[in-house]
Trainee: 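Before I ask anything, let me first share the structure, which is written out below as structure tokens.
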Amino acid sequence: MQLVTCCSFKGGAGKTTALMGLCSALAADGKTIALFEADENRPLSKWKENATRRNAWDPLCEIFITDEVPLLEVAYEEAAGRGFDYCLVETHHGSSELNNTVFGDVTLFDQRP
Ligand SMILES: Nc1ncnc2c1ncn2[C@@H]1O[C@H](COP(=O)(O)OP(=O)(O)OP(=O)(O)O)[C@@H](O)[C@H]1O
Ligand SMILES: [Mg+2]
């Protein structure tokens with residue numbers, strides 16, 4: 001299972017949008033995706049609510065709530081055990097122990113111009 005995140009210390013840089021664009025492309029390719037919600041504002045859950053309302057949520061994608069470090073470890077073990085192809089991790093902006101844990105584990109997509 002490959003871990004990927006989009007990160008930025010600045011808010012509103014497009015992290016969520018970029019991550020969900022990648023998610024959509026991977027799902028269209030038939031890949032299974034564990035989406036880790038490590039932003040306490042729960043943008044991925046809102047994304048899913050909107051998509052579900054439009055009957056556009058792909059069941060290949062599943063959200064795990066991981067807004068505390070211990071939840072991150074548990075979710076990673078579950079997702080890896082269930083054989084998900086990708087794990088896309090939604091981070092919040094700024095610096096935190098949670099973000100640092102994610103950044104220590106994943107492949108980073110550098111969004112700097
Ligand atoms: N490539 C893009 N081109 C134009 N607008 C974009 C692009 N990506 C995102 N946006 C817009 O920028 C705004 C912020 O995007 P997004 O929520 O993805 O940022 P974020 O980095 O996740 O923010 P936050 O730090 O609050 O989590 C949204 O209104 C979104 O529609
Ligand atoms: Mg975001």
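Ligands are counted one by one from 1 in listed order, and the atoms in each one are counted from 1 as well.
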Trainee: Apply salt bridge (charged side-chain N to carboxylate O under 4.0 Å, His left out) to the pair K15 and D39, showing each step before the final yes or no.
Mentor: CA-CA 11 Å; K15 297 179 290 299; D39 179 340; over 6 Å; no
Trainee: Would a hydrophobic clustering, with Ile, Leu, Val, Met, Phe, Trp and Tyr connected at side-chain separations under 4.5 Å, put M1 with F64?
Mentor: yes
Trainee: Would the distance check show the side chain of D29 and the main-chain N or O of K31 forming a donor-acceptor pair, the cut-off being under 3.5 Å?
Mentor: no
Trainee: So is K15 polar-close to ligand 1, meaning N/O to N/O under 3.5 Å?
Mentor: yes
Trainee: Please state which option from G14, G11, C6 has its nearest heavy atom closest to atom 19 (O) of ligand 1.
Mentor: G14
Trainee: Side-chain heavy atoms nearer than 4.5 Å, only ILVMFWY residues, links allowed to pass through others: does that put Y86 and W57 together?
Mentor: yes
Trainee: Would you call A13 a ligand 1 contact, heavy-atom distance under 4.0 Å?
Mentor: yes
Trainee: For G12, take its heavy atoms, then give the atoms of ligand 1 lying under 4.0 Å from any of them.
Mentor: 14 (C), 19 (O), 20 (P), 21 (O), 23 (O), 24 (P), 25 (O), 26 (O)
Trainee: Which value, rounded to the nearest 0.5 Å, describes the distance between I33 atom CD1 and L26 atom CG?
Mentor: 5.0 Å
Trainee: Just checking: T16, one of its N/O/S atoms, less than 2.8 Å away from the Mg ion (ligand 2), yes or no?
Mentor: yes
Trainee: Do ligand 1 and H93 have nitrogen or oxygen atoms that lie under 3.5 Å from each other?
Mentor: yes
Trainee: For ligand 1, which atoms have a heavy atom of T17 less than 4.0 angstrom away?
Mentor: 8 (N), 9 (C), 15 (O), 16 (P), 18 (O), 30 (C)
Trainee: State which residue, out of K46, E90, H92, fulfils the side chain to side chain donor-acceptor pair (under 3.5 Å) condition with T16.
Mentor: E90
